[in-house]
Amino acid sequence: MLSTWKQTLSASLAGRIRDRFGIEHRPVAEVPPRRSLGDLAFPAPLHLARQLGRPPRKIAEELAEGWELPAGVLALKVEGAGYLNVSLARSAFAARLLAAPPVLPTAPEGAEKIVVEHTNINPNKAAHVGHLRNAVLGDLLVRCLRALGHPVEVQNYIDDTGVQLADVVVAFLDLEPTSLADIKAIPEPFDYVCWDLYARVGRWYEEDPARLELRRKTLHALEAGEGERAQAARLIARRIVGRHLRTMARLGIGYDLLTHESDILGLHFFDHAFGKLQESGAIRLEAEGKNEGCWVMPLAESAEFAGLEDPDKVIVRSDGTVTYVGKDIAYQLWKFGLLGRDFAYRYWMEAGLWETAREGAESPPAFGRAGRVINVIDARQSYLQKIVRAGLEALGHQDAAERSVHFAYEMVSLSAATARQLGMTVAEEEGRSVEMSGRKGIGVKADDLLDRLVEKARDQIAQRHRELGRPELQRLAEQIAAAALRFFMAKATTTRVIVFDLDEALAFEGETGPYLQYSLVRGRNIQRKLAGAGLPAALDEAAVAALPEELWSDDLWELVHLAAGATEAVEKAAATLELSLVARHALELAQRFHALYHHHPVLHEADPGLRAVRQAAFQVAMRALAGLCELLGIEEPERM
RNA sequence: GCAGCCAUAGCUCAACUGGAUAGAGCGCCAGACUACGGAUCUGGAGGUUGGGGGUUCGACUCCUCCUGGCUGCACCA
């Protein structure tokens, strides 16, 4: 809503500059720091000062004189060093805002499909808070893109033929021999059992490195997909993936498709890609040196990879197995519909989603064939993601390479205090944080954290609402816990490491998810009370448009102004992949609302005009906040 | 060694990508009409934006050098 004004006024000002000075200039629009200065600011005179060799204020005055402004603009002023500031007609603006969706679908008609890949947790242990950052960011991105009107397909890649799963198979079959039937019978939480086993098998290898031969043997079995080891792997992966999906469902995170690495192998996707890579000369068989017998992709010629110790990347190992990068190139080609092959698909009934298969359903939905691909993968894998892109380029798919986006975010480490709570000894000089390690079994499990949040929320609600029964208490607590966790992950700038601190994550006050929920609950309560007093719970567009302009105080107007910026915040977040902008905008709205709430009573206001303008401002703000909360995966509780 | 990310209040982080007086939360201190719910709000203390130099009307933001921290550069993913 605000951006529409920015565009029209910017275009209008461009015309004015052309008329007055004969210069082509695209004026940028900003929001002035205080509402008393106006609603939109154009620093164009400052930008033009040098070129014209005149003081900016003088230029501003000349431009202001005779600039014909469109209807809906109330005032134009020259401010500060030479800003052109514009004020908008408030009632009309608020009314229009009320009539439109809080986040506008601004994507062009018939926008191309975007495939977003996220979560991608190895199916060999419980999810931890590091995985949560990935899933929360991925899901937030998906919700933003969908709200803006983009068709999106969400894929969750399951590495069910990799080393990590192989290690847990070894743990079950060799370290602590267990029959398939017994593995099947292990009670939940199965992913917790594997968490400990995975750490144990790591130590077991260290005691006798010869045992690593079991890992190699298992890895081959998984790739071949046959025998007891492969069967055990399928069983384990199945159970763990089920657990992961349940954990994510607690946070409202879901997927359209699970892609199995085993199917990429089983359907010979890589063999197909391998042929193409050979033909194009993108890879070569190394006859000597340390990579003897491997198929490698030479990277030396690309400036992007300048200064690498080893300018070649192994794609096929000397024993004939394929590296992760090789499989990922094939997968990436498939996502764009460039591989020339497709998976079969089947519907996983209990989980309620589609997954890849070797043989499958009659007429599954059309997966893949994306116009753009966004892979949500932590920043440590930037190098590998670059190689995948380089692979597409080497195959002549320049366009697909450019449309392959690596959404890189920084990792989550543990604060020294939290690491100590987990029983680790952390020396003072070791620094502020400790890296998590699935291999060593060090980390905060996602479900443990969620359980603690639920418990805390339940205690607090029970104190406030003694009348509530257990099931309702539980439901509310789960909503609040999910909001706290999702907001905690979403508010952090993606390029910064999160130093995870348990006490901080358990907070419900200040800049938190529950704080946002509290705003929504308060807003809703005003409406309830109004209805109870026989007044309309909500105002319609016409009623707001008819409000006399002078009723709007600057602080109430500021709230409406902020609400109008919601769409722009979401657009910017999706375009730059700095998703914290969504969280910050929602937070700012809530903060402003809470502050006004105390000074602007609605129900207890005798003057009907004042009451209406306050109601209108709050209604507009709550709509925008609710819209942003939906994107953040934060639900509005009945009470809290 | 090469590459990427980071450094802002005691702590955790913002600052519309070069703009107006660098803002929030936590913590600390002092307060809020028997309330549209105190998971809230108001006020206060707290800053040479890691350091030096440069670019210009204007720098937390861009360039350069330096310091300190994290990450990556596997026939692991």
Side-chain angles (χ1 to χ4, degrees), chain A residues 28-34 37 41 43 46-47 49-50 55-56 79-83 120 122 159 162-164 261 290-296 304-310 313-319 321-325 327-328 378-384 408 410-411 413 415 431-433 435 439 457 460-461 464 480 491-493 495-499 501 503-504 507-512 514-515 517-519 521-530 532-533 565 568-569 572 576 578 580-581 584 587-588 591 594-605 614 618 639-640:
Chain A
V28 291
E30 293 168 4
V31 174
R34 289 176 305 281
L37 289 170
L46 292 112
H47 297 149
R50 179 121 70 110
E79 295 277 5
Y83 291 92
N120 301 7
N122 270 303
D159 180 5
V163 176
Q164 295 209 20
E261 188 165 279
K290 74 183 192 74
N291 292 334
E292 184 182 342
C294 298
W295 285 88
V296 301
E304 219 179 358
F305 297 100
L308 282 184
E309 263 175 36
D310 182 352
K313 177 70 197 173
V314 172
I315 303 295
V316 180
R317 304 181 186 106
S318 53
D319 65 0
T321 57
V322 185
T323 61
Y324 159 77
V325 185
K327 286 177 266 195
D328 218 28
D378 80 271
R380 286 177 295 187
Q381 299 197 41
S382 296
Y383 164 68
L384 291 166
E410 277 294 339
M411 58 166 194
S413 63
S415 74
R432 318 201 75 83
S433 67
E435 200 174 334
R439 224 168 273 281
Q460 295 203 15
I461 308 165
R464 283 159 232 238
I480 290 166
K491 75 173 173 181
T493 313
T495 51
R496 274 173 96 118
V497 174
I498 291 182
V499 178
D501 184 81
D503 292 332
E504 204 189 320
F508 288 168
E509 286 163 17
E511 298 177 338
T512 65
Y515 178 90
Q517 291 178 311
Y518 194 51
S519 305
V521 169
R522 277 185 148 174
R524 188 71 61 198
N525 279 343
I526 295 175
Q527 295 195 319
R528 278 204 198 102
K529 298 264 174 166
L530 283 168
E568 215 179 332
K572 198 168 170 188
T576 61
E578 184 44 84
S580 63
L581 290 173
R584 301 230 81 93
L587 184 63
E588 217 178 315
Q591 283 174 336
H594 275 309
L596 293 177
Y597 176 89
H598 289 269
H599 301 299
H600 294 276
V602 179
L603 192 65
H604 303 306
E605 176 56 56
R614 288 170 186 173
F618 290 170
R639 67 196 91 200
M640 60 190 290

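In what follows, every heavy atom counts, from backbone to side chain, and hydrogens, waters and symmetry copies are set aside. Proteins come first, then strands; the chains are lettered A, B, ... in the order of their sequence lines, and each starts at number 1.
- Distance from the side chain of Q460(A) is smallest to A39(B) among A39(B), C36(B), A77(B).
- Remark: H598(A) is not in phosphate contact with U40(B), judged by side-chain N or O atoms under 4.0 Å from OP1 or OP2.
- Proximity of V602(A) to L530(A): side-chain heavy atoms (C-beta onward) are separated by under 4.5 Å at one or more points.
- Place Y324(A) and H594(A) on RNA chain B by their nearest nucleotides, and H594(A) ends up nearer the 5' end.
- With rounding to whole Å, R34(A) atom CZ is found 11 Å from A22(B) atom P.
- Between K313(A) atom NZ and C73(B) atom C1' the separation is 9 Å, expressed in whole Å.
- Nucleotide G72(B): paired with C2(B) (Watson-Crick or G-U wobble, both distances less than 3.5 Å).
- Distance from the side chain of H599(A) is smallest for U42(B) among the nucleotides U42(B), G37(B), U71(B).
- Taking the side chain of T323(A) as heavy atoms from C-beta on, and the options G38(B), A77(B), A20(B), the nearest nucleotide is A77(B).
- The gap from the C1' atom of G38(B) to that of A32(B) amounts to 10 Å, rounded to the nearest Å.
- Per the geometry, CE belonging to M411(A) stands 16 Å off C1' belonging to A77(B), to the nearest Å.
- If you check C13(B) for Watson-Crick or wobble pairing at under 3.5 angstrom, you find it paired to G23(B).
- Using a 4.0 Å heavy-atom criterion, one finds that V602(A) contacts the bases of the nucleic acid, with or without backbone contacts as well.
- Taking a cutoff of 4.0 Å between a charged side-chain nitrogen and a carboxylate oxygen, E435(A) and R380(A) qualify as a salt bridge.
- OP1 or OP2 of A7(B) has at least one side-chain nitrogen or oxygen of R496(A) nearer than 4.0 Å.
- Note on L587(A): nothing from the nucleic acid sits closer than 4.0 angstrom, heavy atoms only.
- Evaluation of atom-type donor-acceptor distances gives a pair under 3.5 Å for the side chain of S318(A) against the base of C75(B).
- Within the 4.0 angstrom heavy-atom criterion, base atoms lie near N525(A).
- Comparing E261(A) and A492(A), the nucleotide of RNA chain B nearest to each residue sits closer to the 5' end for A492(A).
- OP1 or OP2 of A39(B) has at least one side-chain nitrogen or oxygen of R464(A) nearer than 4.0 Å.
- When side chains are defined from C-beta on, M640(A) does not count as touching R464(A), because their heavy atoms never get closer than 4.5 Å.
- Residues N525(A) and R528(A) have side chains that bring a donor and an acceptor to within less than 3.5 angstrom of each other.
- Rounded to a whole angstrom, the distance from the C1' atom of C60(B) to that of A7(B) is 11 Å.
- Rounded to whole Å, the P atom of A22(B) lies 16 Å from the corresponding atom of G50(B).
- A straight line from CG of L384(A) to C1' of C75(B) spans 14 Å, rounded to a whole angstrom.
- Note on Y383(A): every side-chain N or O is 4.0 Å or more away from OP1 and OP2 of G72(B).
- Atom C1' of nucleotide U56(B) and atom NE2 of H47(A) are separated by 12 Å, given to the nearest angstrom.
- Not one side-chain nitrogen or oxygen of Y597(A) sits closer than 4.0 Å to the OP1 or OP2 atom of A32(B).
- Atom CD of residue Q164(A) and atom CZ of residue R439(A) lie 5.5 Å apart, to the nearest 0.5 angstrom.
- In this structure, H600(A) has its ring center at least 6.0 angstrom away from the ring center of F618(A).
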